[in-house]
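Below: the structure, in structure tokens.
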Amino acid sequence: MYHFDYHVELIALGFVFRGAWLTLEISIASLALGVCVGLPLGIARTHRSRVLGAFFDIYIEVFRNVPVLVQIVWFYYVLPIVLGVNLGAVTASILALGLNTSAFLAEVFRGGILGIPNGQHEASASLGFGTVQTMTYVIVPQMLRKMLAPLLNQFIVLIKESALVSYIGVLDIMHRGDMISTQFARPLEAYTAVAAAYWAICFITSRSAHWVEELFAIPE
Amino acid sequence: MRSRNSTLVLADPSPAEPKVPAEITIHLRDIRKRFGTQTILAGIDLTVGKGEVCALIGPSGSGKTTLLRCINLLTPIDHGRIEVAGSTLCHVEEGREVVRMKGRNLSRHRSEIGFVFQHFNLFPHLSALSNVTLPLRKIRGVPRRDAEAQAMELLSWVGLADKARSYPGNLSGGQKQRVAIVRALAMKPRVMLFDEVTSALDPERVGEVLDVVRRLARNGMTMLIVTHEMQFAREVASRIIFMEHGQIVEEGHPDQVMRNPANPRTRAFLRLASS
Ligand SMILES: Nc1ncnc2c1ncn2[C@@H]1O[C@H](COP(=O)(O)OP(=O)(O)OP(=O)(O)O)[C@@H](O)[C@H]1O
Ligand SMILES: [Mg+2]
């Protein structure tokens, strides 16, 4: 019989949770990058420009159809060769996860923008807003509030996917679990602690998501 | 450039004597529009003088909404010429575009044409107050405090001071439409275009909105009003324009058009509308 060592479990939990901040940092930064890149992509995709459209299709299809782990490795090992600059493991992780997220969010945003009634564009135009102002003050703020649920959902996906960055040596929750497991030769305690850490973060996030949504909801 | 009728809204002067339009605010010449093979506007000529209140009536599908939307280029025309306050917004001859205003220029002119929609089209993510101040601040560059003061003044004028912080989703139809009117009014437009602004309202809410339009008329606001409220049209308008099949069939003083229409089609329409 395997004897569950509570002492090791406590050590593991303590050690692993100290990676929580890094995991969150990477997830938050990736989400921010994803929104910043995904928003203009999504807006651009609502305009029917063939050239731009084809370019975005390629961008989105590439990020969608290549495993996230491969993308992370690619940004970490290959980009330095191509560009001649060394990216730190954390930076490479954020770039890979963030751009990957942007490809996903571009579609979400595009759908959200197309879902705003035409009357909003017309009212805005009739008041004298130009296209850019209409987007900035009228369409995008409404769209973002309506897309808050998928956005927060994507954040939770990111927290979980970020475990992959342990592969390139980032000292996140997962990587710390690996270390404990090796050091004590106790995988059960180590990975239980890892699971507990991810569960706790994601659980709290998804529970507060509801509250955040309500805070930003458009009053009906 | 002429001076803008800027402080017209708040003072309630005694009813003005019949106006003789000295200046032309809207001038439309031979406006034509088709959607696909269907002709919606078949050559509309219309002049609205400064301070005039024109009521546009006619059966459903006659092209009233389309005409209104053409004036501020929400709908592009196929032919004709649109002049507002002396500026040509659009001029198309035989498929050749002589002028078609775009970009900043168009936006600037649109901001001087108040448009009120049948379905309000308020910005749902902004409070009533912010719906009014946003265009003031971002288009006119009015500082926030001043914009809010102006907006509050206008909201009180339509009896909605206590609803300034409410969101459109929490307002009744009549309240929403009054906010929409104020939002357009705050830009100090040269002309207001109303497209059946009461037809999406509960019957008991119609009066409060018509009342606002009535007071605007009394204050000398230039208006082109599409409406199905015949009694209201007769009371408020200085001219009635009857449209059918994309053409102006008859126009004239309300008493003449309503009581004694020259055209048999006008007569038929009015009989139907009053029954
Ligand atoms: N965007 C469009 N595409 C195609 N047809 C249109 C479009 N907009 C309006 N129409 C058609 O143009 C005709 C005139 O419409 P319009 O809305 O101007 O009439 P209206 O006089 O305002 O009618 P109502 O009193 O019902 O509001 C209608 O037959 C309508 O179906
Ligand atoms: Mg209509």
Side-chain angles (χ1 to χ4, degrees), chain A residues 35 38-40 42-44 46-49 52 105 108-152 209-220, chain B residues 65 68-69 71-75 102-128 130-141 165-171 176 179-180 182-189 191-193 195 200:
Chain A
V35 171
L39 193 54
I43 292 171
T46 60
H47 292 279
R48 288 171 289 265
S49 148
L52 277 180
L105 288 181
V108 172
F109 291 151
R110 187 183 76 100
I113 287 169
L114 294 179
I116 303 292
N118 204 27
Q120 293 291 306
H121 291 271
E122 293 185 343
S124 188
S126 77
L127 285 163
F129 284 114
T131 322
V132 177
Q133 285 180 314
T134 297
M135 273 293 156
T136 312
Y137 301 121
V138 177
I139 306 301
V140 169
Q142 287 183 54
M143 180 279 284
L144 282 180
R145 287 174 205 224
K146 289 193 178 165
M147 294 297 121
L148 213 54
L151 216 53
L152 289 165
H210 182 68
W211 177 78
V212 173
E213 264 173 66
E214 229 152 65
L215 187 69
F216 286 99
I218 295 170
E220 318 232 8
Chain B
T65 298
L68 227 52
R69 293 168 53 88
I71 293 175
N72 70 357
L73 272 57
L74 280 179
T75 298
K102 288 198 175 75
R104 273 168 199 279
N105 233 351
L106 174 60
S107 291
R108 188 165 54 80
H109 281 88
R110 275 175 170 164
S111 76
E112 298 183 346
I113 304 171
F115 201 111
V116 186
F117 298 83
Q118 185 174 356
H119 295 285
F120 332 124
N121 295 347
L122 288 178
F123 305 135
H125 63 300
L126 299 176
S127 66
S130 299
N131 261 277
V132 182
T133 56
L134 182 78
L136 269 180
R137 289 169 50 214
K138 302 301 176 186
I139 297 168
R140 291 276 189 264
R165 303 280 163 196
S166 299
Y167 284 81
N170 297 327
L171 297 175
K176 277 189 240 190
V179 174
V182 164
R183 179 175 69 175
L185 225 42
M187 302 300 279
K188 301 197 174 77
V191 55
M192 291 282 286
L193 310 177
D195 187 14

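Order of the sequence lines sets the chain letters (A, B, ...), proteins ahead of strands, with each chain counted from 1.
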Residue part contacting chain A, namely of B:F123, when any heavy atom lies under 4.5 Å: both
For chain A, the option from B:F115, B:F117, B:F120 that forms the most heavy-atom pairs under 4.5 Å: B:F117
Partner of A:Y137 under side chain to side chain contact (heavy atoms under 4.5 Å, CB included), chosen from B:I139, B:L134, B:L126: B:L134
Distance in Å, B:H125 NE2 paired with A:Q120 CD, rounded so as to fall on 0.5 Å steps: 7.5 Å
Side chain, backbone, both or neither of B:R183 within contact of chain A (heavy atoms, under 4.5 Å): both
Shortest non-hydrogen separation from B:S111 to A:L127 and the atoms involved: CB-O, 3.2 Å
Minimal non-hydrogen separation, B:P124 against A:P219, with atom names: O-CD, 4.4 Å
Taking every non-hydrogen atom, the tightest pair across B:R110 and A:A125: CD-O, 3.2 Å
B:L171 versus chain A, the contacting section by heavy-atom distance below 4.5 Å: neither
Heavy-atom pair with the smallest gap, counting every atom of A:Q133 and B:K138: NE2-O, 3.4 Å
A:S124 versus chain B, the contacting section by heavy-atom distance below 4.5 Å: both
Residue among B:N72, B:V116, B:L193, B:N121 satisfying side chain to side chain contact (heavy atoms under 4.5 Å, CB included) with A:S126: B:N72
